[in-house]
Amino acid sequence: MPTERYNHRDVEPRWQRFWSENRCFESREDESRPKYYVLEMFPYPSGRIHMGHVRNYTMGDVIARFRRACGYNVLHPMGWDAFGMPAENAAIERGVHPKGWTYDNIATMRGQLQSMGLALDWSREIATCDPSYYRHEQQMFLDFMAAGLVERKVSTVNWDPVDQTVLANEQVIDGRGWRSGAPVEKRDLAQWFLKITAYSEELLTALDRLERWPEKVRLMQRNWIGRSEGMRFSFALEDPSGHLLDERLTVYTTRHDTIFGASFCAISADHDLARRLEEGDAGLAAFRREVAALGTSEESIERAEKKGYLLGLYARHPFREGVKLPVYAANFVLMGYGEGAIFGCPAHDQRDLEFARKYGLPVIPVVAPKGTDAAKFAISAEAFLEKENDQTVLINSDFLNGFGVPEAKVEIARRMEKMGIGERKVNFRLRDWGVSRQRYWGCPIPVVHCASCGILPVPKEDLPVVLPDDVTFDRPGNPLDHHPSWKHVNCPNCNKPARRETDTFDTFIDSSWYYARFCSPKAAEPVDPAAARYWMPVDQYIGGVEHAILHLLYSRFFARAMKKTGYLDMEEPFGSLFTQGMVVHETFRMTSGEWVFPADAVAKDGDWVHAKTGETLIVGGIEKMSKSKRNVIDPEAIIERYGADTARWFMLSDTPPERDIEWTEAGVEGAWRFTQRLWRLVADAAEMASPGNRVATAADNIKLRRVVHRALQAVTGDLSSLRFNRSIARIYEVANSLGSALQETNASPSLKAAIREAAETLVLMFAPMMPHLAEECWKVLGYDHAVVQTPWPKPDPELIAEDEVTVAVQVNGKRRDEVKVPKGLDRSELEAIVVNLDTVRRALDGRPVKKVIVVPDRIANIVG
RNA sequence: GCGGGCGUGGCGGAACGGUAGACGCAACGGACUUAAAAUCCGUUGGGAGAAAUCCCGUGGGGGUUCGAGUCCCUCCGCCCGCACCA
């Protein structure tokens, strides 16, 4: 039959219109049905969608459509994480206004997402830069403040002395500002903090209950929170002449058992003591400037070569009379952790060891494997790090000699507490969340600074504090600060002239509660309690692993803060989390080093050449798609050429969703051919087996029916657990079997019935992945109603059941044969069969059978 | 530097601790065609053998187990995060 070629350009927009006009995906609360909330991390409106979006939103869409078909009341919303630096950069670089730029981008990207045929409830769309969204953020912030969850404290930022601007960590490149190239300095600013540390313990222990989160993400969060049990204690300090100072040096350690191995103390370059000593010490001032140039990122600080500066102070060892430890300012001690000061024990810490070697400090081992001769145990290049199960013992440690590490810790703690110089302390690595940003394109922080009344919240009736539109980017710094009038307000208390806060919120705040807002996006309050009670938590959250820590931890905290202030009735916003992999692509560059778009690279005689210049190209690595390396493929071009269904199919095929997927031309071509093949198969099946055919059970169709029902069973399970690539493999199998059945020129009525069933089931199975094609096929199969109005089919248990199984036969763990036996055959009968097989006897080569291990219906292993 | 992950044919990958390589791509052979494209059928981890069959194989090395791609240790390579990118 001459089937017309499937034309996605006609079909896809038509069905998109149908879904939209019939409001197929708009959802509302319905207590009579189970709810299912699918959410993908919302996009930043950067301009155009990229392949990462296509992958992320396709996965969410498949889940949404599948769950819908299974009878769930599905919520699947979309919005925009619309505040952020790129809008300001566009303003500075291209003279466009951040607001116009952002909303233009949203319009473009909304259209692009719609062309993907996503089953989204667009009536719930939100943009975080809209006052109707951020006003609630301001209100909640004020409530958090009243609830004691907000704090104002001084913290350090990267300062560009030329541009007179605060720099983000990514704007610091090799210690210099990205625009000015000037060495970065540090500045202390009073900033707002959300007290996430009030929930350290809770955020940690609650991880155990997030059973449907990837273990790796929970582990990363555990490590990030970093609970440790240690001691805070202080050393007496003396000056070079040996005079005792009034001041003591407080340190934090988890290895107080190694106190006898201490050979120095180190404080952070930002430590209060270092700041005070700087005045009379030019060398220290220079050292502090050098450390400041590293910026504030922990990565750059820890990567830097370990260096210290002798402060000329000495710490008296608490247990070794007359022993003095030199005190350094060191570039690797972080002010934000513990006390910003440590004692160094080089024998048992690699970093301390490197430091000690560099400055010629003693290395005294104090922990050694049991039975080691203390006199001979020495440390060379590697510190001795005790591991969980090691049998170790304290040495060179006076009264601790012979103690195990845990016992030594107890003893030191006991003694120090008795001496009054320290106490046991649980410490967390987690720091409070600094939310102040010295930028324009963010949510204004709703407070007023008054010279006489201090810092006051903006009265709730004055919310929202709206960002002014009339700002300029012609000079560096925060435009809100330069604005002629915006910041000048009267004090809400005394009514005298006062100043608005010109800092805006970290954009992580915007994304820390949007999931809740989607439940009732137009509510007058941040969240409508009834709607949130019905929809929350998110049943399936999907996004990149790059958000494994910050965004997810902040959201978990925010939910708790919202609970405390009465906005939400739950702690954990995301019941199940899935982290998808990136989209990667081959890179091409010219001999000049310039990157080349894949679209401009053409294969020629086994080489790659530039489509326009003909120059031979260098093929680089397969890397994450990025604008800078130009290895990007524009989704819009792909959808235009192949259709959304093909793009979606490719994103789901082959590669498991959690792994990185490589975009290849051959892969898309393959996906495109398969859409055409499905179209032909269904058209042929529709012609051969009319809607009147009924399913029969005769033997000549049982094979096809089994394939169909077993695949349906497998696909149902695989889609429930997000194993899209596996479900697609099963769909290929059904397509292959259906294709073979269609070869039959003289089909019996019962075969026709089976073909009909196969075709219909096939369409319903691929519908979540290729929704437009499925609708069109469904029409060809003779249905008036749409696939989106059709329930998910159910496999027939009789057709799934196996009556015969193939059991592998091993001899000493090596496969030697296989036997077909009835399913459920008991051990002894199977054993009797296998030991007498020729292949088994040959492999045994005369040895007696020692034992037989039988796993029923799977394997028999003869040990001989 | 610290924390986390990944590594299986030419390629993407499949495999409750139980027959490694399902399914797809590519390649090769064939059918159809004047021809090509498309489509359809077949072959395809490596090695030995006429065949039956045997040996080797899941990044390298070691271990646990009747049995390891899967669990443990270690090394190598790649990727992600590191608190002001989103």
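Here is the naming used below: chain letters follow the sequence lines, and residue numbers restart at 1 for every chain.
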Tell me, do [X] and [Y] make a side-chain contact under 4.5 Å, heavy atoms counted?
X	Y	result
A:His551	A:Glu546	no
A:Lys820	A:Glu804	yes
A:Ile342	A:Asp352	yes
A:Ile509	A:Leu194	yes

From [options], nucleotide with atom closest to [X] side chain:
X	options	result
A:Val855	B:C16, B:C84, B:G12	B:C16
A:Glu546	B:C80, B:G1, B:G13	B:C80
A:Tyr732	B:C2, B:A86, B:C23	B:C23
A:Met582	B:C79, B:C82, B:G13	B:C79
A:Arg680	B:C23, B:C2, B:U39	B:U39

Close N or O pairs between protein and nucleotides 4-8 of chain B (under 3.5 Å):
| residue | atom | partner | partner atom | Å |
| --- | --- | --- | --- | --- |
| B:G7 | OP1 | A:Arg659 | NH2 | 3.3 |

For [X], which contact category applies under a 4.0 Å heavy-atom criterion: base, sugar-phosphate, or nothing?
X	value
A:Leu553	nothing
A:Val807	nothing
A:Gln438	base
A:Gln191	base
A:Phe332	nothing
A:Thr806	base
A:Glu818	base

message: For the backbone of A:Arg439 and the side chain of A:Thr504, can you confirm whether one donor and one acceptor N or O come within less than 3.5 Å of each other?
response: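 Side chain of A:Thr504 to backbone of A:Arg439: a pair is present.
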task: For the pair A:Asn223 (side chain) and A:Gly226 (backbone), establish whether a donor and an acceptor sit closer than 3.5 Å, ignoring hydrogens and angles.
output: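 Between the backbone of A:Gly226 and the side chain of A:Asn223 there is no qualifying donor-acceptor contact (under 3.5 Å).
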task: Hey, which sits more toward the 5' end of RNA chain B by its nearest nucleotide, A:Trp224 or A:Ser653?
output: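 By nearest-heavy-atom nucleotide position, the 5'-most residue is A:Ser653.
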Residue closer to the 5' end of RNA chain B, A:His547 versus A:Ser740 (nearest nucleotide):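 The residue whose closest nucleotide sits nearer the 5' end is A:Ser740.
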[X] (side chain) and [N] (base): donor-acceptor pair under 3.5 Å:
X	N	result
A:Glu298	B:C82	no
A:Arg726	B:C23	no
A:Glu170	B:C84	no
A:Glu623	B:C78	no
A:Arg858	B:G18	no

message: Taking side-chain contact (heavy atoms from CB on, under 4.5 Å) as the criterion, tell me which of A:Ile862, A:Asn861, A:Val863 meets it with A:Val852.
response: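 By the side-chain contact (heavy atoms from CB on, under 4.5 Å) criterion, A:Val852 pairs with just one of A:Ile862, A:Asn861, A:Val863: A:Ile862.
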- prompt: Going through the distances and angles, do A:Phe650 and A:Tyr642 end up as a ring pair (Phe, Tyr, Trp, His ring centres under 6.0 Å)?
  reply: CA-CA 11 Å; A:Phe650 176 80; A:Tyr642 297 100; 9.6 Å; no
Under-3.5 Å N/O pairs linking protein and nucleotides 64-71 of chain B:
| residue | atom | partner | partner atom | Å |
| --- | --- | --- | --- | --- |
| B:C66 | O2' | A:Asn861 | ND2 | 3.4 |
| B:C66 | O2 | A:Asn861 | ND2 | 2.4 |

- prompt: P atom, B:G10 versus B:C76: distance in rounded Å?
  reply: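 To the nearest whole Å, 26 Å.
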- prompt: Taking the P atom of each, how far is B:A20 from B:G57, in whole Å?
  reply: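 Per the computed distance, 13 Å lies between those P atoms.
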message: Please find the pair of heavy atoms, one from A:Met765 and one from A:Ile731, that lie closest to each other, and give the distance.
response: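 Looking at all heavy atoms of both residues, the closest pair is O-CD1, 3.9 Å.
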query: Who passes salt bridge (charged side-chain N to carboxylate O under 4.0 Å, His left out) against A:Lys306, sequence neighbours left out?
result: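 Residues passing salt bridge (charged side-chain N to carboxylate O under 4.0 Å, His left out) with A:Lys306: none at all.
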message: Any salt bridge linking A:Arg303 with A:Glu298? Criterion: basic side-chain nitrogen under 4.0 Å from a carboxylate oxygen.
response: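 Result for this pair is no, no salt bridge flagged.
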Write out a two-atom table: protein N or O, nucleotide N or O from nucleotides 54-58 of chain B, distance below 3.5 Å.
| residue | atom | partner | partner atom | Å |
| --- | --- | --- | --- | --- |
| B:C55 | OP1 | A:Arg816 | NH2 | 3.2 |
| B:C55 | OP2 | A:Arg816 | NH1 | 3.4 |
| B:C56 | OP2 | A:Lys814 | NZ | 3.3 |

- prompt: Using a cut-off of 4.0 Å between protein heavy atoms and nucleotide atoms, how would you tag nucleotides 26-31 of chain B 5' to 3' with B, S and -?
  reply: S-----
Secondary-structure notation, RNA chain B, from Watson-Crick and G-U pairs under 3.5 angstrom (| other strand): (((((((..(((.....[....))).(((((.......))))).((((....))))..(((((..]....))))))))))))....
field: Rounded distance [0.5 Å steps], CZ in A:Phe557 versus CG in A:Leu552
entry: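 So the gap between those two atoms works out to 15.0 Å.
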task: Before giving the answer on ring pair (Phe, Tyr, Trp, His ring centres under 6.0 Å), spell out for A:Trp649 and A:Phe674 the whole-Å C-alpha distance, their side-chain angles and the decisive distance to 0.1 Å.
output: CA-CA 9 Å; A:Trp649 189 256; A:Phe674 189 63; 5.4 Å; yes
